[in-house]
Amino acid sequence: MGFADQRFNVNLSILFTELPLLERPAAAAAAGFTAVELWWPWVDSPTPEQSELDALRTAIEDAGVRLTGLNFYAGQLPGPDRGALSVPGEESQRFRANIDVAAGFARSLGCTALNALYGNRVEGVDPAEQDALALENLVLAARAADRIGAVLLIETLNEPESPRYPLVSAPAGVAIVDKVNAATGLGNARFLMDLYHLSMNGEDLPQVIAAYADRTGHVQIADNPGRGAPGTGTLPLEELLDQLAKAGYEGFVGLEYKPGDRPSAESFDWLPAAARPAR
């Protein structure tokens, strides 16, 4: 086993960002990949003009790549925000306005994984109030995902880089997954296991995989330290992905790392060209 036995996609919100958004799908294809994922690309608008949605859809289709993952609106990301769904007021409303837009865009491209970032704690607001709002919004998102045959992903981030984000351990993320599934009865909420974030939290990665592989709907990777490509840090990513596969995980592995001070296309030298197309 090893990297060559995985199904990778490229996150076009952190890789190929030296290019305009509409040029990134073709760049990923030129690098040998056939699957991509995205954070919500319009950080200022949960409901962009149809022409903008159509242009991105066309760019993805023309590149011959498949969109396999999409974030719901998450505020300024990259930036100070870490999601909108637990933030009372305007941001929660923007998240709700985005649900059907994001689900519709995903459906138009056959994308079956939608990621809902929880959102930061807000000073002066009771965490219990935020959690209740979050569950309401996650239920709406799970139902929208179910209508298009998709899973709803719940992601754990890391405390050093996201100190106001409340889901900073694998158990915390999985607990929300369980609450959403209990509330909807749909069973389509799944854990997004980001090995970089979990390692930044100091978690025992083999233990996390053993405990939660069966509840995992998507995996993302970057090396640590540095959030660079595999091999630039000290994480045994090849071994960890092998463990996930042996535990039954058959989904995509998102490449969500920083290319460093080189063009993104040059950051894939760790992965043989023959292993880049998704199987």
Side-chain angles (χ1 to χ4, degrees), residues 11-17 21 24 36-49 52-53 56 69-103 105-106 111 113-142 144-145 152-170 172-173 175-177 179-180 189 191-194 196-198 200-201 218 220 222 227 254 256-258:
N11 189 302
L12 298 181
S13 298
I14 193 168
L15 284 157
F16 295 108
T17 57
L21 175 64
R24 296 176 202 170
V36 299
E37 64 182 26
L38 281 162
W39 303 341
W40 184 248
W42 299 279
V43 296
D44 294 319
S45 177
T47 55
E49 295 293 331
E52 295 183 78
L53 293 162
L56 180 55
L70 177 68
N71 282 21
F72 287 107
Y73 169 79
Q76 296 292 320
L77 184 75
D81 300 329
R82 296 293 186 271
L85 62 88
S86 68
V87 180
E90 183 178 354
E91 280 299 273
S92 172
Q93 294 168 10
R94 287 160 73 88
F95 177 83
R96 292 191 183 193
N98 174 251
I99 289 174
D100 286 340
V101 177
F105 184 76
C111 174
L114 291 163
N115 183 26
L117 284 171
Y118 201 82
N120 288 327
R121 290 302 191 204
V122 178
E123 187 175 352
V125 178
D126 185 347
E129 177 186 341
Q130 284 196 255
D131 291 338
L133 176 63
L135 185 58
E136 290 178 18
N137 283 334
L138 286 168
V139 165
L140 294 174
L152 174 72
L153 299 172
I154 308 296
E155 183 174 7
T156 293
L157 301 183
N158 74 77
E159 190 168 16
E161 294 175 326
S162 304
R164 294 187 294 130
Y165 192 80
L167 308 184
V168 289
S169 72
I176 299 300
V177 168
K179 285 182 181 179
V180 174
F191 180 48
L192 195 165
M193 184 183 293
D194 187 308
Y196 166 75
H197 287 310
L198 296 173
M200 283 286 288
N201 287 328
H218 187 46
Q220 291 174 333
R227 201 174 184 176
E256 198 184 51
Y257 62 76
K258 298 177 182 178

> Could you give the distance from CG (L140) to CG (L135), rounded to the nearest 0.5 Å?
Replying inline: 9.5 Å
> Side chain of W40, backbone of G75: donor and acceptor closer than 3.5 Å?
Replying inline: no
>> Just verifying a value: how many Å separate Q220 CD and E155 CD, rounded to the nearest 0.5 Å?
In response: 5.0 Å
> Do you know the tightest heavy-atom contact between S162 and L157?
Replying inline: OG-CD1, 3.9 Å
> Looking only at heavy atoms, what is the nearest atom pair of S86 and A134, with distance?
Replying inline: CB-CB, 3.8 Å
> Rounded to the nearest 0.5 Å, what separation is found between the CG atom of L133 and the CG atom of D126?
Replying inline: 12.0 Å
>> I need the L153 CG to N71 CG distance, nearest 0.5 Å.
In response: 8.5 Å
>> Walk me through whether L56 and F105 qualify under side-chain contact (heavy atoms from CB on, under 4.5 Å).
In response: CA-CA 10 Å; L56 180 55; F105 184 76; 3.8 Å; yes
> Do the non-hydrogen side-chain atoms of N115 and W39 ever get within less than 4.5 Å of each other?
Replying inline: no
>> With no hydrogens and no angle check, just 3.5 Å: does a side-chain donor-acceptor pair link R94 and Y73?
In response: yes
> Can you list the steps and then say if T17 with R24 is a side-chain contact (heavy atoms from CB on, under 4.5 Å)?
Replying inline: CA-CA 7 Å; T17 57; R24 296 176 202 170; 4.0 Å; yes
>> Holding to salt bridge (charged side-chain N to carboxylate O under 4.0 Å, His left out), I want the full list of residues that pass it with E256, two or more places apart in sequence or in another chain.
In response: R227
> For L152 and A141, which heavy atoms make the closest approach, and how far apart are they?
Replying inline: CD1-CB, 3.9 Å
> Without hydrogens or angle criteria, can the side chains of S169 and N201 be said to hold a donor-acceptor pair below 3.5 Å?
Replying inline: no
> Is Q130 close to R121 at the side-chain level, that is, under 4.5 Å between some pair of heavy atoms?
Replying inline: yes
> What distance do D100 atom CG and T47 atom OG1 have between them, rounded to the nearest 0.5 Å?
Replying inline: 11.5 Å
> If every non-hydrogen atom of V122 is compared with every non-hydrogen atom of P88, which pair is closest and at what distance?
Replying inline: CG2-CD, 4.4 Å
>> Using the rule given for side-chain contact (heavy atoms from CB on, under 4.5 Å), can you reason through L117 versus Y165, listing the C-alpha separation, both sets of side-chain angles and the distance that settles it, and then say yes or no?
In response: CA-CA 9 Å; L117 284 171; Y165 192 80; 3.8 Å; yes
> So, E136 and R96, do they make that salt bridge, N to O below 4.0 Å?
Replying inline: yes
> Quick one: does L15's side chain get under 4.5 Å of K258's, heavy atoms only?
Replying inline: no
> In Å and rounded to the nearest 0.5 Å, what is the CH2 to CG distance from W42 to L21?
Replying inline: 7.0 Å
>> Could you check whether any side-chain heavy atom of N137 comes within less than 4.5 Å of a side-chain heavy atom of I99, counting everything from C-beta outward?
In response: no
> Is there a side-chain contact (heavy atoms from CB on, under 4.5 Å) between S13 and L38 once you walk through the steps?
Replying inline: CA-CA 6 Å; S13 298; L38 281 162; 3.7 Å; yes
>> With a 4.5 Å cut-off on side-chain heavy atoms, are L198 and D194 touching?
In response: no
>> To check you understand the geometry: which heavy-atom pair defines the closest contact between I154 and G173, and what is its length?
In response: CG2-O, 4.0 Å
>> Quick one, L85 and Y118 - any side-chain contact, counting heavy atoms below 4.5 Å?
In response: yes
>> Can you give me the closest heavy-atom contact between A189 and V177, atom names plus distance?
In response: O-CG1, 3.3 Å
>> Ring centroids only, cut at 6.0 angstrom: are F95 and F72 within range, meaning strictly under it?
In response: yes
> Given side chains that start at C-beta, do those of D81 and V87 come closer than 4.5 Å, heavy atoms only?
Replying inline: no
